[in-house]
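Written out below as C-alpha cells is the structure these notes cover.
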Amino acid sequence: VQLQAFGGGLVQAGGSLRLSCAASGFTFSTYNMGWFRQAPGKEREFVGVIDWSGSSTYYADSVKGRFTISRDNAKKTVYLQMNNPKPEDTAVYYCAARQEAREVVARLYRYWGQGTQVTVSS
C-alpha cells in the first residue's frame, strides 16, 4: 500500500496550489480519502474529506470556501485545490484513506501518505 502526496511548495498568499495524492496497493475507489495537515509544534489537523464516489465532501471551517477536494478513481488520485491560501495554512499536508464512514479524526484512518510541505508567504 502506498499513498504518495506531491505538489507542495512555496506559494504567495492569495495565490493557488494543487496537491495530488497517488494511491496504489489497495482498492482506491472503495475508500474515503481525507486530507490533514500538521504545522510545527501543533497536532495533526483535519482539512477535508471526500467520499469514495467523489459525490460528497466535507471541510474544516478554516478552509471552507477556499480549498476543494476532488478525486479521479480511474487515476487512483485525490486532489486538494488550495485557492487563496493564507500564511496560517503553512504545514505539511498528508492524504489518508479510510474505508469506513467519513471521519475527521486522524487516528481512524488506515493508510497515510508521507506528506508534502506547503509554505504560504505573506
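Just the heavy atoms: all of them, side chains too, but no hydrogens, waters or symmetry mates, feed the values below. What you are looking at is a predicted structure, and each value in this text was computed from that prediction instead of being measured.
- Checked by atom type and distance alone, the side chain of Thr116 pairs as donor or acceptor with a backbone atom of Gly8 at under 3.5 Å.
- Side-chain atoms of Ser53 come within 3.5 Å of backbone atoms of Ser55 as a donor-acceptor pair (strictly under, hydrogens ignored).
- For Gln99 and Thr30, the side-chain atoms include at least one donor-acceptor pair closer than 3.5 Å.
- The minimum heavy-atom distance between Tyr59 and Thr57, with the atom names listed, is CE1-OG1, 3.4 Å.
- With 3.5 Å as the limit, one finds a donor-acceptor pair spanning the side chains of Ser56 and Arg102.
- Aromatic pair Tyr94/Phe36: ring centres not closer than 6.0 Å.
- Aromatic ring centres of Phe26 and Tyr111: separated by under 6.0 Å.
- Classification of Asp89 and Lys86 as a salt-bridged pair fails, no side-chain N sitting under 4.0 Å from a carboxylate O.
- Looking at Asp51, its side chain never comes within 3.5 Å of a backbone N or O of Asn32 through a donor-acceptor pair.
- The hydrophobic clustering, which links ILVMFWY residues whose side-chain heavy atoms are closer than 4.5 Å, places Phe67 and Trp35 together.
- With sequence neighbours excluded, no residue satisfies side-chain hydrogen bond (donor to acceptor under 3.5 Å, both in side chains) with Asp72.
- Using modelled atom types, no side-chain atom of Arg18 and backbone atom of Gln81 make a donor-acceptor pair closer than 3.5 Å.
- No continuous path of hydrophobic side-chain contacts links Tyr93 to Tyr58 [ILVMFWY only; heavy atoms under 4.5 Å].
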- Task: Decide yes or no on side chain to side chain contact (heavy atoms under 4.5 Å, CB included) for Leu19 and Val118, but give the supporting numbers first.
- Result: CA-CA 9 Å; Leu19 306 183; Val118 173; 3.9 Å; yes

- Message: The test is side chain to side chain contact (heavy atoms under 4.5 Å, CB included); show your working for Arg44 and Trp112 and say whether it passes.
- Response: CA-CA 12 Å; Arg44 194 163 296 189; Trp112 285 87; 3.3 Å; yes

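- Across Ser122 and Ala13, no two heavy atoms sit closer than the pair CA-CB, 4.3 Å.
- The number of heavy-atom neighbours closer than 6.0 Å to CD of Gln12, taken from other residues, nucleotides and ligands shown, is 12 or below.
- Looking only at distances, no side-chain donor or acceptor of Thr119 sits under 3.5 Å from a matching main-chain atom of Thr90.
- Residues Tyr109 and Val92 are members of one and the same hydrophobic cluster, defined by side-chain heavy-atom contacts under 4.5 angstrom among Ile, Leu, Val, Met, Phe, Trp and Tyr.
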- Message: I'd like to know whether Arg98 forms a side chain to side chain contact (heavy atoms under 4.5 Å, CB included) with Leu108, so could you lay out the CA-CA distance, the side-chain angles of the two residues, the decisive distance to 0.1 Å, and finally the verdict.
- Response: CA-CA 7 Å; Arg98 170 179 165 82; Leu108 296 180; 3.5 Å; yes

- Would Arg110 and Tyr31 satisfy side chain to side chain contact (heavy atoms under 4.5 Å, CB included), going step by step from the backbone distance to the final call? CA-CA 10 Å; Arg110 182 174 186 181; Tyr31 279 71; 3.5 Å; yes

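- When the shell of 6.0 Å around CD of Glu43 is examined, it contains 12 or fewer heavy atoms from other residues, nucleotides or ligands.
- None of Lys76, Lys75, Arg71 except one satisfies the side chain to side chain donor-acceptor pair (under 3.5 Å) rule with Asn73; the exception is Arg71.
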